[in-house]
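If you scroll down you'll find the structure; I have some questions about it.
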Amino acid sequence: MNKKHATLFKILLALFALNSITLYLYFSSSHHHDDNRRDTTAEGFHAIIPHRGPHLSKPWPIIPSYLPWSLTSNVPSKSCEAYFGNGFTKSADVLPAKAAVRSGSSWFRCHYSGTLRSSICEGGKIRMDPGKIKMSRGGEKLEDVIGRTEDDEMPEFEDGAFEVEAEGRGSRSKTKKLVGEEFLNEFLPVGNVMKHTMRELVRSIVVVGETDFTCQEWVEEPTLLITRFEYANLFHTVTDWYSAYVSSRVTGLPNRPHLVFVDGHCETQLEETWKALFSSLRYAKNFSGPVCFRHAVLSPLGYETALFKGLSEDIDCQGASAHDLWQSPDDKKTARLSEFGEMIRDAFGFPVNRHHSDKAVSGHYNILFVRREDYLAHPRHQGKVESRLSNEQEVFDSLQKWASDHQECKVNLVNGLFAHMSMKEQVRAIQDASVIIGAHGAGLTHIVSATPNTVILEIISSFFRRPHFQLIAQWKGLEYHAINLDGSYANPGVVIDRLNKIMRSLGC
């Protein structure tokens with residue numbers, strides 16, 4: 001090797017080493033050591049949240065759209081980060097953590113978002129008594145609880161359903177509530193929620209002395225306490241997933257948390273994704289008796305997320321790449337939904353760095369038609385799904401013929417019968433699609449997991465014109481088209497014409 005080549009080799013080696021060090025520093029600082037984050041992890045409170053090892057909890061994955069969740073005091077109200085990220089800028093230490101470290105007692109605090117008008121609350125050394133929560137057991141097979149009422153499944157909390165221990169409280173002291181109505185109104189306002197279960201949970205917490213705080217079972221790892229309402233509907237469940245994900249990031253959990261459902265709903269296929277996203281899942285009533293949590297996080301209701309609030313208020317945000325926002329922050333842009341979608345894909349073991357160009361590299365394009373079909377959703381359901389496209393089968397058959405006759409490139413029409421597919425199969429179909437088409441319905445919420453440059457074509461009946469999926473596409477930066485019907489009948493020729501234009505724009 002001559003001197004010139006040797007010098008060039010050394011330069012290339014130095015550049016490679018510099019790049020490797022830069023990547024290491026970015027991911028180690030972003031994913032594990034946000035400098036300004038709230039220190040609520042086991043590392044922050046050794047005395048009250050002992051760490052039992054990473055094998056008990058799933059680690060956070062490295063995903064391309066991740067941006068640090070560090071809290072900064074200058075997150076503008078109503079900005080995209082305030083809606084979709086860490087806008088929980090107002091905190092209240094009800095039981096200060098520093099005192100808890102010193103005495104070994106409980107700690108509790110809430111982080112409030114003025115933009116979302118909700119709080120993420122968390123605490124250490126919290127006792128739950130399932131016997132003081134009135135609701136059905138939960139987690140049963142659907143066929144075993146047909147006809148059960150919704151009221152039976154929703155929790156009602158007695159005082160003392162949750163307890164915390166406070167320093168200086170004597171044995172058998174008069175029961176004292178952790179917080180009063182003024183605190184609840186400030187940090188957990190009812191808003192438009194008919195039954196605010198997280199507010200009622202916090203209202204039930206009482207403060208006891210050391211001798212009265214007893215537990216036979218401890219959950220050592222950080223745990224999210226979650227109450228679901230429309231648990232069998234994909235759109236509303238995605239709002240719950242997102243709330244749980246945001247709660248985990250805002251509180252700085254070092255690994256993916258464990259879950260406890262504080263409700264009495266039966267099993268649904270959507271639990272497959274809950275279990276994939278997080279470390280484990282139990283129902284509150286499945287514990288044999290009182291249980292204590294070293295670190296519990298109360299996840300806000302899905303109704304309090306931007307995904308739901310966007311249906312009634314203007315959230316002027318556009319999806320953008322994390323790379324662009326890292327270099328040029330913009331209050332009107334967000335990569336948080338892309339981050340969340342990658343989190344879902346990674347949870348099922350799918351690659352998170354795939355783009356449209358990878359899908360079409362062989363000249364093959366998947367057109368996913370998301371279907372609406374009859375299935376039994378919950379104990380009060382009759383098994384019939386309301387049609388949003390009266391001639392859905394006719395449209396599908398016409399598209400099938402169009403795809404088989406397509407000459408410019410290979411088009412594969414995928415029959416998206418999601419009600420009879422596992423959640424993993426559904427997410428796979430979404431990520432493999434170049435175009436996703438379907439009538440307005442909850443199944444289209446899956447576009448939150450779509451890869452960049454996927455095109456959405458929604459067929460909208462005049463009876464169901466709501467912006468759910470247009471907004472998700474906007475917040476993810478996906479190209480979106482709509483065919484607005486007069487009634488619920490779609491002319492197959494019009495659908496094919498719109499698809500032809502989309503395919504030409506994709507280079508097909």
Side-chain angles (χ1 to χ4, degrees), residues 65-69 71-72 74-90 111-120 188-193 196 229-230 233-250 299-322 324-326 328-344 440-442 444-450 452 454 456 458 460 464-482 484:
S65 293
Y66 176 89
L67 288 172
W69 285 75
L71 176 67
T72 58
N74 59 349
V75 176
S77 177
K78 306 290 185 179
S79 66
C80 294
E81 182 63 10
Y83 273 115
F84 293 99
N86 194 348
F88 295 83
T89 56
K90 179 181 177 181
H111 316 290
Y112 179 75
S113 166
T115 297
L116 295 174
R117 302 178 297 283
S118 70
S119 289
I120 297 170
L188 293 158
V190 174
N192 295 322
V193 181
H196 200 304
F229 281 78
E230 299 176 64
N233 177 283
L234 180 62
F235 174 78
H236 290 285
T237 298
V238 168
T239 68
D240 287 330
W241 293 340
Y242 193 67
S243 181
Y245 178 68
V246 171
S247 298
S248 305
R249 291 301 201 179
V250 166
S299 182
L301 305 179
Y303 296 132
E304 298 175 301
T305 63
L307 288 166
F308 185 81
K309 285 180 176 290
L311 300 177
S312 57
E313 60 187 85
D314 182 24
I315 301 180
D316 183 20
C317 293
Q318 297 290 329
S321 74
D324 290 347
L325 289 175
W326 179 261
S328 302
D330 189 329
D331 291 338
K332 295 295 186 180
K333 294 181 180 179
T334 182
R336 292 302 186 193
L337 283 193
S338 294
E339 174 185 334
F340 178 57
E342 289 168 2
M343 182 73 198
I344 294 173
H440 181 90
L444 283 179
T445 316
H446 270 306
I447 66 175
V448 76
S449 300
T454 302
I456 313 302
E458 182 180 5
I460 306 175
F464 298 97
R465 286 191 179 152
R466 299 199 72 194
H468 298 66
F469 313 115
Q470 179 183 358
L471 289 173
I472 294 175
Q474 172 187 318
W475 296 331
K476 275 182 63 73
L478 301 178
E479 183 179 333
Y480 172 88
H481 302 268
N484 290 297

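Below, each value reflects all heavy atoms present in this structure, side chains not excepted, and no hydrogens, waters or symmetry copies.
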- [ ] Please list, chain by chain and in numerical order, all residues satisfying side chain to side chain donor-acceptor pair (under 3.5 Å) with D330, sequence neighbours excluded.
- [x]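 Applying side chain to side chain donor-acceptor pair (under 3.5 Å) to D330 gives none.
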Task: Separation between CD1 of I472 and OG of S449, rounded to the nearest 0.5 Å - done: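 That separation rounds to 10.0 Å.
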- [ ] Kindly give the heavy-atom pair with the smallest separation between F84 and A306, and that separation in Å.
- [x]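 Residues F84 and A306, closest heavy atoms: CE2-CB, 3.6 Å.
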- [ ] Identify the heavy atoms of A335 and L325 that sit nearest to each other, and give their distance.
- [x]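 Distance-wise, the nearest heavy atoms are N-CD1, 3.5 Å.
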- [ ] Please say whether more than 12 non-hydrogen atoms of neighbouring residues, nucleotides or ligands are located less than 6.0 Å from CG in N192.
- [x]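 Open.
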Open item on the list: What's the separation between atom CD in E230 and atom CG in D240, rounded to the nearest 0.5 Å?
Closed with: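 CG of D240 is found 9.5 Å from CD of E230.
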- [ ] Indicate the atoms forming the closest heavy-atom contact of Y112 with S119, along with that distance.
- [x]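 Y112 and S119 have their closest heavy atoms at CD1-OG, 3.3 Å.
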TODO: Return the orientation label for the F235 and H468 ring planes: parallel under 30°, perpendicular over 60°, tilted otherwise.
DONE: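 Ring orientation, 0 to 90° scale: perpendicular.
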- [ ] Identify the heavy atoms of I447 and A473 that sit nearest to each other, and give their distance.
- [x]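 In this case the closest contact between I447 and A473 is CD1-N, 4.1 Å.
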Task: Side chain to side chain, Y242 and L337, heavy atoms closer than 4.5 Å - done: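 SC-SC contact between Y242 and L337 confirmed.
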Open item on the list: Working note: V448 + W241, criterion side-chain contact (heavy atoms from CB on, under 4.5 Å); need CA distance, chi angles, decisive distance, verdict.
Closed with: CA-CA 11 Å; V448 76; W241 293 340; over 6 Å; no
- [ ] For D331, enumerate each residue passing the side-chain contact (heavy atoms from CB on, under 4.5 Å) test, keeping only those at least two apart in sequence or located in another chain.
- [x]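 side-chain contact (heavy atoms from CB on, under 4.5 Å) list for D331, sorted by chain: P76, S79.
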Task: Residue list, ring pair (Phe, Tyr, Trp, His ring centres under 6.0 Å) with H446, at least two apart or on another chain - done: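 Listed in chain order: F418.
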TODO: State whether the side chain of K332 and the backbone N or O of Q318 hold a donor-acceptor pair below 3.5 Å, judged by distance alone.
DONE: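 Here the side-chain-to-backbone pair does not exist.
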- [ ] Only counting residues at least two apart or in another chain, list the ones meeting ring pair (Phe, Tyr, Trp, His ring centres under 6.0 Å) with H481.
- [x]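 If we apply the ring pair (Phe, Tyr, Trp, His ring centres under 6.0 Å) test to H481, skipping adjacent residues, there are no hits.
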Open item on the list: Is there a side-chain contact between V238 and L307 in this structure, where contact means two heavy atoms from C-beta onward sitting under 4.5 Å apart?
Closed with: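 They are in side-chain contact.
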Tabulate below the donor-acceptor pairs under 3.5 Å that side-chain atoms of residues 308-315 make, not counting sequence neighbours, or state none.
| unit_1 | atom_1 | unit_2 | atom_2 | d |
| --- | --- | --- | --- | --- |
| K309 | NZ | L116 | O | 3.3 |
| S312 | OG | K309 | O | 3.3 |
| E313 | OE1 | R117 | NH2 | 3.1 |
| E313 | OE2 | Y83 | OH | 2.9 |

- [ ] Could you list the residues that satisfy side chain to side chain donor-acceptor pair (under 3.5 Å) with E339, not counting sequence neighbours?
- [x]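 Residues passing side chain to side chain donor-acceptor pair (under 3.5 Å) with E339: W69, Y245, R336.
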Task: From CG (L444) to CD (Q470), nearest 0.5 Å - done: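 Nearest 0.5 Å value for the CG-CD distance: 12.5 Å.
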Task: Shortest non-hydrogen contact between P68 and W326, atoms and distance - done: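 Of all heavy-atom pairs spanning P68 and W326, the closest is CD-CZ3, 3.5 Å.
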- [ ] To the nearest 0.5 Å, tell me how far S338 OG sits from Y66 OH.
- [x]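 OH of Y66 is found 15.5 Å from OG of S338.
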Task: Closest non-hydrogen atom pair between T239 and G302, with its separation - done: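 Nearest heavy atoms, T239 then G302: OG1-CA, 3.4 Å.
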Open item on the list: Working to the nearest 0.5 angstrom, can you tell me the gap between I460 CD1 and F469 CZ?
Closed with: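 The distance works out to 9.5 Å.
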Task: Test side chain to side chain donor-acceptor pair (under 3.5 Å) applied to S243 - qualifying residues, sequence neighbours left out - done: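 Expected list: S299.
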- [ ] Report the residues that fulfil side-chain contact (heavy atoms from CB on, under 4.5 Å) with S77, sequence neighbours left out, ordered by chain and then residue number.
- [x]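 S77: side-chain contact (heavy atoms from CB on, under 4.5 Å) contacts with T115.
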Task: side-chain contact (heavy atoms from CB on, under 4.5 Å) partners for V193, two or more places apart - done: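 Once residues adjacent in sequence are excluded, the partners of V193 under the side-chain contact (heavy atoms from CB on, under 4.5 Å) criterion are H196, L301, Y303.
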Task: E342: partners by side chain to side chain donor-acceptor pair (under 3.5 Å), with sequence neighbours left out - done: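 If we apply the side chain to side chain donor-acceptor pair (under 3.5 Å) test to E342, skipping adjacent residues, the hits are S65.
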Open item on the list: Rounded to the nearest 0.5 Å, what separates atom CD in E479 from atom OG1 in T454?
Closed with: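 The CD atom of E479 sits 10.5 Å away from the OG1 atom of T454.
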